[in-house]
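Written out below as structure tokens is the structure these notes cover.
In this chain, numbering begins with 1 at the start of the sequence shown.
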Amino acid sequence: MARYEARIKDQHRREYPELKWNAWYEVKPLWPGMRKRTMNLAGERLTRLKTAHDYIMVRAAHLEFREIGQAESAAPSAAQPVDAS
């Protein structure tokens with residue numbers, strides 16, 4: 001199973017002041033073994049990000065994603081984001 005990182009899209013960084021806009025955060029499942037995508041009552045997909053001290057739930061539409069292996073093999077400026085849709 002591929003592992004992913006995500007960061008806040010530039011236009012949404014003010015909505016999440018606790019996250020650094022240029023930092024990549026590891027995407028974690030809501031609980032171990034979970035394989036389905038999670039949605040809130042409004043039908044928006046949610047993503048759980050691991051921060052330095054805790055976890056935070058963020059709307060997936062506000063993030064850009066990339067595979068973790070891709071980040072290690074490419075230069076940071078050359079990393080290609082993965083489409084979340």
Residues K9 and L63: closest non-hydrogen pair is CE-O, 3.2 Å
The reported gap from CD in E5 to CZ in R66 (rounded to nearest 0.5 angstrom) is 4.5 Å
Quick check for you: to the nearest 0.5 Å, what is the distance between E44 atom CD and M39 atom CE?
10.0 Å
Angle class for the H12/H62 ring planes (parallel below 30°, perpendicular above 60°, tilted otherwise)?
parallel
Begin from the C-alpha positions of R48 and Y25 and carry the test side chain to side chain contact (heavy atoms under 4.5 Å, CB included) through to its verdict.
CA-CA 9 Å; R48 182 179 181 221; Y25 297 94; over 6 Å; no
Side chain to side chain contact (heavy atoms under 4.5 Å, CB included) for L49 and E26? Distances and angles first, verdict last.
CA-CA 6 Å; L49 302 179; E26 189 173 355; over 6 Å; no
Distance check, rounded to the nearest 0.5 Å: I8 atom CD1 versus R14 atom CZ?
14.0 Å
Are any non-hydrogen side-chain atoms of R59 and E15 less than 4.5 angstrom apart?
yes
Looking only at non-hydrogen atoms, find the nearest pair between F65 and W24 and report the distance.
C-CZ3, 4.2 Å
What distance do I56 atom CD1 and L19 atom CG have between them, rounded to the nearest 0.5 Å?
4.5 Å
Looking at K20, I want to see if its NZ is surrounded by more than 12 non-hydrogen atoms of other residues, nucleotides or ligands under 6.0 Å.
no
For R7 and A23, indicate whether the former's side chain and the latter's backbone hold a donor-acceptor pair under 3.5 Å.
no
